[in-house]
Structure formats: structure tokens, C-alpha cells
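Heads up, the thing below is written out as C-alpha cells.
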Amino acid sequence: MSNLISSSPSEMDLLDRPNIEDYLPSDSIHQQQPITKLKLRDLLDISPTLTEAAGAIVDDSFTRCFKSNPPEPWNWNIYLFPLWCLGVVVRYGILFPGRVLILTLGWIIFLSCYIPVHVLLKGHDKLRKRLERALVELICSFFVASWTGVVKYHGPRPSARPKQVFVANHTSMIDFIVLEQMTAFAVIMQKHPGWVGLLQSTILESVGCIWFNRSEAKDREIVTRKLREHVEGADNNPLLIFPEGTCVNNHYTVMFKKGAFELGATVCPIAIKYNKIFVDAFWNSRKQSFTTHLLQLMCSWAVVCDVWYLEPQKIKPGETAIEFAERVRQIISVRAGLKMVPWDGYLKYSRPSPKHRERK
């Protein structure tokens, strides 16, 4: 009986062990090669499959940074659906018209003050710039009010000082509006068409904003020169840069461009985190225009946001600009609760060629 018990495990192992001949090609069975000489490639070559699977994982991890994540529907039963319908009526029938009225009133007040200041105070540059800064902050406050914006600012308010630059994570173009209502930043931004481009070339030009075209290489040299000149100026507005270079969905941070960290200036990090309880503030520029994005915000219940002005950072001895950028990105990501990913945000607009990927 003991012999039977001691031998049963080995017998069961033999029964459970797979028959390796089932996985061999037919020609290898006829060759009658010893099993001890078999190699992995003789059994199954799965390297192409692994390569495709790894590529799919990487691509999914990259595109996940730029995808909108709609909330799960909550109006799924007969009790909640009437409340959802009531909410739609309130948001679109009451809140939205009131917000349009607020924004319209804001533009009337702004233009009635900005045009006389801009035209009549040509010879008084300091006074004109100070009034224009206050008016830009005012119209940004009207924009935030048109979303019923609930913004909490943490830390000391930024002040205009030479040799410093502010950097922030980027979720939407409303990041600029949220920050601008507190401080008249001069921002570096991509040129936009339509009414946004008109505002860029007229009103925002008065606060020293710098525009560039991502597709033109000459703009990079011009922008770099303008950045250095702006940072050196003592009377210029604080410079604000979004070093990710594109909008990310407020769950991740992609690689920071090193341009802001090569200026020899003190870098002041700003962390921005939106609460998705009422609306997703991420602007997916591939799927909707900025006008549509603003209308979506105006038809929501509220835009809830936290802004942290973090401790200024200086480059350490022996630290490269790239390492400095990654250190600042980590500070912002930790404060805002964002996940760092090793992707270049410009890949959102132009993927590398197949030959370049194969060479890498």
C-alpha cells in the first residue's frame, strides 16, 4: 500500500505532463532527434507576436494620455432618469443663458475700457501697460465666472521679477485663463486660427505673449531669442510656459521640453488639477474646436480646480537641462497626483517614420 502511495505522484505527473510531440512540426518528429537537443526556435518562434504585443501596449499607453474619459452614466434607472432630465433643463435652459449674459456683459465692459486705454495712452507706456494688465485679468475672470469656476489657489501669488519663469502642466487652453485671472502672465503659445488667433494678435499681445507655429523650424530660433529677452527684462510680465507642448488629459504628464530650463532663470512650478465631478476640463483638440470646448464648459454645472504655486527651483551644479526639467515635472506630478510617462507630447501631432522606428 505504501509503495502505491509513494509511486502515485510520479505517475500523476506523467499523466499531466504535456506531450511535447504535439507542439513539434511533423518533419522534426520523423528526424527522431533527442529531446535534450531541442531549442526554443524548434518548438515555437513567437518573437513577431511578442513584438506586435509590446508595440500595442506602448501605443495604448501613449494614446491613453490624450483620450477623454467620460464618466459612467448614472441615469440608468427609472428613479434617476427624471432627475437627469431636470438637470439638463436647468443647465441648458437656465444656467447657460445666464452665463452667456455674464460673458457678453464682460466683453462689453472690457472693450469699452480697453480700446480707449490702448488708443489714448500711447505716450504713457507704464500706465497703459498697467491698465491693460488689469483689464486682461478682468476679462479672464468673466470667462471663469461663465463656467461657474470654483478655483482654489494655494501658495503665494506670483510677482513680476527678472530672471524667473513659471511652468505648469497643461490640460486645456483654459489653464491660461485660470492662471491669468490672478496674474497677468505673458505666455508662450501655439498660433491658433479664428477668433482665438484674433485675440492673440491684438489683446494678448499687450501683455507680452509670444506666439509660434509648431510646423515652422524658423519660429524656434525666434522664440528662443524672444524668451531670453523677455526673461532679462525687469518690467515685463511674468513668463508662463507649458513645457509639455500639448494638452494632456489631467491624469498624466508627458516629457517637458527643455527650452524653459535652458534660460538660466529660476523656475517656478505651478501644478493644476481639475476635479471631474461636474465636467472633464480636458480639451481634445483633435475632436472638438476650442469654441465647442468652451460651450461644453458653459453647459456644465461647474469647473472645479486646484492651483498650487510651488517652491521655486534652480538648476543644481552638474545637472543638465533635461534632468532639471524631469525634476520639476516630478514636483508638479506629485503635487497634482499625476502619473509621469516617458513620452514626447509632439508625437501626438506627428509620429516617427517606420524607418526611424525600425532603426531605433
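One-based numbering along the sequence shown. Keep in mind it's a predicted model, so treat the numbers as computed, not measured.
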Is it true that [X] and [Y] make a salt bridge, defined as a side-chain N closer than 4.0 Å to a carboxylate O?
X    : Y    : result
R128 : E132 : yes
R228 : E232 : no
E244 : R329 : no

* Distance-only polar pair, side chains of S300 and R91, donor-acceptor under 3.5 Å -> no

* Asked: How about S172 and H293: does a side-chain donor come under 3.5 Å of a side-chain acceptor?
  -> yes

Ring-plane angle category for [X] and [Y], please: parallel below 30°, perpendicular beyond 60°, tilted otherwise.
X    : Y    : answer
F242 : H170 : parallel
Y309 : Y153 : parallel
W147 : F143 : tilted

* Just do the side-chain hydrogen bond (donor to acceptor under 3.5 Å, both in side chains) check on N169 and Y252 with the steps written out, would you? => CA-CA 9 Å; N169 58 301; Y252 303 89; over 6 Å; no

* Asked: D306 and side-chain hydrogen bond (donor to acceptor under 3.5 Å, both in side chains): which partner among H154, K152, K273?
  -> H154

* Structure fact -> The side-chain hydrogen bond (donor to acceptor under 3.5 Å, both in side chains) partner of N237 among E180, R133, H230, K129 is R133

* L294, V304: one ILVMFWY side-chain cluster at the under-4.5 Å cut-off? -> no

* V341-V334 co-clustered via ILVMFWY side chain contacts under 4.5 Å -> no

* Asked: Taking the six-membered ring for Trp, are F166 and F185 ring centroids under 6.0 Å apart?
  -> yes

* Out of V267, T266, V165, which one pairs with P312 under the side chain to side chain contact (heavy atoms under 4.5 Å, CB included) rule? -> T266

Please round to the nearest 0.5 Å and tell me the distance separating atom [atom1] of [X] and atom [atom2] of [Y].
X    : Y    : atom1 : atom2 : value
F110 : I115 : CZ    : CD1   : 8.5 Å
N250 : Y274 : CG    : OH    : 7.5 Å
L295 : Q288 : CG    : CD    : 9.5 Å

* **Full working for ring pair (Phe, Tyr, Trp, His ring centres under 6.0 Å) between W283 and F290** => CA-CA 7 Å; W283 177 35; F290 186 63; 5.3 Å; yes

* Asked: Which pair of heavy atoms, one from V178 and one from C305, lies closest together, and at what distance?
  -> CG1-SG, 4.4 Å

* Asked: Is the NZ atom of K122 crowded by more than 12 outside heavy atoms at less than 6.0 Å?
  -> yes

